[in-house]
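One structure below.
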Amino acid sequence: MNLFDYMRENTMEKESPLASRMRPETLEEVVGQRHILGKDKLLYRAIKADKLGSVIFYGPPGTGKTTLARVIANTTSAQFRQINATVAGKKDMEDVVREAKDNLGMYGKKTILFVDEIHRFNKGQQDYLLPYVEDGTLILIGATTENPFFEVNGALLSRSRIFELKPLEKEDVKELIRRAVCDEKRGMGSYGAEITDEAADFLADAAGGDARAALNAVELGVLTTDRGPDGKVRIDLNVAQECIQKRAVRYDKSGDSHYDTISAFIKSMRGSDPDAALYYLARMLYAGEDIKFIARRIMICAAEDVGMADPQALNVAVSASLAVERIGMPEAKIILAEAVTYVATAPKSNASYRAVSSAESYVSSHQALPVPPHLQDRHYGGAAKLGRGLDYKYAHDYPNHYVKQQYLPDGMEGTVFYRPTEMGYEKQVGEHLDFLRRSAEHLEFIKRTLENREEE
């Protein structure tokens, strides 16, 4: 390291953001993540014993992925190298591999490579690391906010252990806030800063489990608040609210939070809980979700989960979809809320969904059978001469606009796909179908009786 590198590192250490300066350097300083860092847990024991294998740290921003890598760097006897997948290229990886081979061959020393944002590497870049991870030249630590099962090559995953980091608990974030305010060496203690319990509680709650968001707010508050008569910088609730003007919401439109939230949204409507459905709707709107996407999910739920129990639900959902496109936010939230409450409170039936799924399953597993001749089209050239459409009974010519005749192909007679439930309007549908079938059977009985009398 030359003089300029040394000066740059010193400057960055002093001028780096508070969240970076306050990163723990030992396992004992780490807050939260007890499900993987409890003293009886594998990861804790592996770090303490310096016997760590390749791992993937996966979790939302601000939960400690890079912090854990830094702790490992401070405790391991192995050579530790770090690259960021957003800016690193193949040459950077080649340099690390060459250095790792030299360390292993000349000194018997292993190399740990920490790849931040590993999901940013393309398949070729990830494949490049594979043989060196496999033969032990490198011990890989990957950090990602994206689901590794989608974003990291299966071959790398099979050679790594995945540890999921959870959003920090509110009390954990409060502890980090107090540390940052009081620490005179790395935190804001040298400013004579103080924070009220009310402000710390607000920031910890508003951060949504993201320690970085909370510490950034603390730093902003200390640096922009005038000192009081006693020379102290006090962070009260008003200052805290100004520093986080919008609550942090864990919601990535292409990540797990997106899918988890929309899943909970649909399941709440399906489960007839309008309050939960409205909560998840508000959460998506707050995070900036596309209102057209939300409207599409409401339409799907109306068709799949409400179905014929209340056919009007689909009309409401479709109308809402058209309306939000024409009106836009913020008024669109009112329209979406109406559609959500309608679908959530409507009687439920998935009979139509089950019916089409059953029919699809039948079609995929059986040979396609010919359409019965009397149902075939007789209007195209020569069809009538071929006997197409002969003996077809026009339903409107019969009582109740119904006549019993074969509609399914030969060999499928009596097959049932649609089974109406007793829910809502669908109960009437089932009763109507039963009425038509009984009426037709009754008419056939009368017809047969009269024919028998004539023969006698």
Side-chain angles (χ1 to χ4, degrees), residues 270 272 298-319 321 339 342-343 345-456:
R270 179 184 299 147
S272 300
I298 298 172
M299 287 189 284
I300 293 169
C301 188
E304 177 181 343
D305 297 306
V306 177
M308 290 295 292
D310 184 355
Q312 187 64 21
L314 184 57
N315 291 334
V316 171
V318 172
S319 297
S321 177
Y342 191 101
V343 172
T345 57
K348 302 296 189 296
S349 169
N350 67 346
S352 296
Y353 171 67
R354 286 179 178 273
V356 71
S357 297
S358 179
E360 284 181 324
S361 177
Y362 188 95
V363 168
S364 66
S365 58
H366 292 76
Q367 179 181 353
L369 300 173
V371 174
H374 61 283
L375 298 183
Q376 295 175 6
D377 186 3
R378 64 180 284 114
H379 296 96
Y380 61 87
K385 295 180 181 180
L386 294 173
R388 304 288 193 265
L390 291 178
D391 300 323
Y392 168 65
K393 298 174 183 178
Y394 188 58
H396 298 295
D397 291 339
Y398 294 84
N400 301 316
H401 299 256
Y402 177 82
V403 60
K404 186 176 181 181
Q405 64 182 324
Q406 181 182 336
Y407 290 101
L408 285 168
D410 291 339
M412 288 186 65
E413 297 91 333
T415 302
V416 177
F417 296 119
Y418 177 55
R419 300 180 185 276
T421 69
E422 296 288 308
M423 297 301 296
Y425 174 74
E426 195 162 44
K427 181 178 181 180
Q428 299 178 45
V429 172
E431 292 172 348
H432 177 64
L433 289 175
D434 289 341
F435 166 75
L436 292 177
R437 290 161 183 162
R438 287 196 307 270
S439 297
E441 290 172 358
H442 182 64
L443 288 174
E444 282 189 2
F445 173 76
I446 293 174
K447 182 179 178 182
R448 286 195 302 270
T449 301
L450 292 175
E451 288 175 349
N452 291 335
R453 288 179 180 176
E454 289 177 359
E455 290 177 359
E456 293 175 355

Next item on the list: Quick one: list whatever passes side chain to side chain donor-acceptor pair (under 3.5 Å) with Arg419, sequence neighbours left out.
Entry: none

Notebook entry, point to check: When you look at OH of Tyr353, are more than 12 heavy atoms from neighbouring residues, nucleotides or ligands closer to it than 6.0 Å?
Noted result: no

Check: Okay, side chain of Ser361, backbone of Ser357: is any donor-acceptor separation there less than 3.5 Å?
Finding: no

Next item on the list: Just jot down the side chain to side chain donor-acceptor pair (under 3.5 Å) partners of Tyr418, sequence neighbours excluded, or say none.
Entry: Glu426

Item checked: Residue among Val371, Val416, Thr415 satisfying side chain to side chain contact (heavy atoms under 4.5 Å, CB included) with Leu408 -> Thr415

Solution key, residues 427-434 side-chain donor-acceptor pairs under 3.5 Å, sequence neighbours excluded:
none

Notebook entry, point to check: Is any side-chain heavy atom of Met308 less than 4.5 Å from a side-chain heavy atom of Ser352?
Noted result: yes

Next item on the list: Any chance you could measure Asp305, atom CG, to Asp310, atom CG, to the nearest 0.5 Å?
Entry: 13.0 Å

Margin query: Could you report the tightest heavy-atom contact between Ala339 and Val316, atom names first, then the distance?
Written below: CA-CG1, 4.1 Å

Item checked: All side chain to side chain donor-acceptor pair (under 3.5 Å) counterparts of Tyr425, not counting sequence neighbours -> none

Check: What residues form a ring pair (Phe, Tyr, Trp, His ring centres under 6.0 Å) with His401, not counting sequence neighbours?
Finding: His396

Checklist line | Point-to-point distance, once rounded to the nearest 0.5 Å, from CD1 of Ile300 to CG of Leu314 | finding: 11.0 Å

Item checked: Close side-chain approach of Val306 and Tyr342, heavy atoms under 4.5 Å -> no

Check: Side chain of Glu413, backbone of Gly411: donor and acceptor closer than 3.5 Å?
Finding: yes

Next item on the list: Taking all heavy atoms of Arg270 and all of Cys301, pick out the closest pair and write down the distance.
Entry: N-SG, 4.2 Å

Notebook entry, point to check: What heavy-atom pair brings Val403 and Ala395 nearest, and what distance separates the two atoms?
Noted result: CG1-CA, 4.1 Å

Notebook entry, point to check: Say you draw a straight line from OH of Tyr407 to NE2 of His374; how long is it, rounded to the nearest 0.5 Å?
Noted result: 7.0 Å

Note to self: Any heavy-atom pair between the side chains of Gln405 and Tyr392 that's under 4.5 Å?
What the structure shows: yes

Note to self: I'd like to know if the side chain of Ser358 reaches the main chain of Arg354, judged simply by a donor and an acceptor atom lying under 3.5 Å from each other, with no hydrogens or angles considered.
What the structure shows: no

Checklist line | Set of residues satisfying side chain to side chain donor-acceptor pair (under 3.5 Å) with respect to Ser272, sequence neighbours excluded | finding: Lys348

Next item on the list: Give the minimum heavy-atom separation between Leu369 and Asp410, together with the two atoms involved.
Entry: CD1-O, 3.4 Å

